[in-house]
Structures are given as C-alpha cells and as structure tokens.
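Following: one structure in structure tokens, then a few remarks.
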Amino acid sequence: MLEYIFNSMKNTEKNFEIICRNLKRQKSFNKSVVFFAFSVAAYAFTNEIEKKEPGNENQES
C-alpha cells in the first residue's frame, strides 16, 4: 500500500516537472510572438508615415 502511494507521488512530481518545463517554453514562445507582432506593427506604422509625407516621390496612384 505504501509503495503505491509513494509511486503515485513520484509520478505526480514528474508530471509537475513536465508541466513546468512546458510553461517555460510557452513563455519563451510568447515573448517571440509579441516581439514579432510589435515589429510588424512598427513597420506598418512607419510605412504609413512615409506614404503621408508631402513631396514623397514614391507615391503610387
């Protein structure tokens, strides 16, 4: 009976470690996605500013 309890506790601890490891990886991935989204938004914003500047020779009709 004690062996069953301790094995169960050991399995639970292993599962918690796996979950913690996956959460750390998810956090890293989320940071990368936020950086990419910010970069795309900044690029789009600067593109709009360049299009609106008077005297810009690169305007398309």
Side-chain angles (χ1 to χ4, degrees):
M1 183 68 172
L2 286 177
E3 184 178 345
Y4 171 77
I5 293 171
F6 285 115
N7 282 337
S8 177
M9 288 173 59
K10 187 184 227 181
N11 289 336
T12 302
E13 186 175 333
K14 284 181 184 179
N15 287 334
F16 279 138
E17 289 174 1
I18 291 170
I19 291 170
C20 288
R21 201 171 32 225
N22 288 336
L23 286 174
K24 287 178 185 177
R25 289 179 184 159
Q26 184 68 44
K27 183 179 178 182
S28 174
F29 176 75
N30 289 348
K31 284 182 181 180
S32 299
V33 169
V34 167
F35 178 75
F36 176 74
F38 180 76
S39 299
V40 169
Y43 175 76
F45 181 72
T46 55
N47 256 358
E48 285 299 316
I49 290 175
E50 287 179 0
K51 285 182 183 178
K52 291 182 181 179
E53 285 181 359
N56 193 354
E57 294 85 26
N58 293 332
Q59 290 180 345
E60 296 179 16
S61 298

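Counting from 1, the numbers follow the sequence of the chain as shown.
- Of the listed residues (F36, F38, Y43), just one forms a side chain to side chain contact (heavy atoms under 4.5 Å, CB included) with V40, and that residue is F36.
- Remark: F29 pairs with Q26, V33 by the side chain to side chain contact (heavy atoms under 4.5 Å, CB included) rule, at least two apart or across chains.
- Atom CD1 in I5 sits 9.0 Å away from atom CE in M9 (nearest 0.5 Å).
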Which side-chain N or O atoms in residues 13-22 pair as donor and acceptor under 3.5 Å with protein atoms at least two apart or in another chain?
{"residue": "N15", "atom": "ND2", "partner": "N11", "partner atom": "O", "Å": "3.4"}
{"residue": "N22", "atom": "ND2", "partner": "I18", "partner atom": "O", "Å": "3.4"}

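- At distances below 3.5 Å, at least one donor-acceptor pair connects side-chain atoms of S32 with backbone N or O atoms of S28.
- Legend: residues meeting side chain to side chain donor-acceptor pair (under 3.5 Å) with N7, ordered by chain and number and at least two apart, are absent.
- Between the S8 side chain and the Y4 main chain, no donor and acceptor come within less than 3.5 Å of each other.
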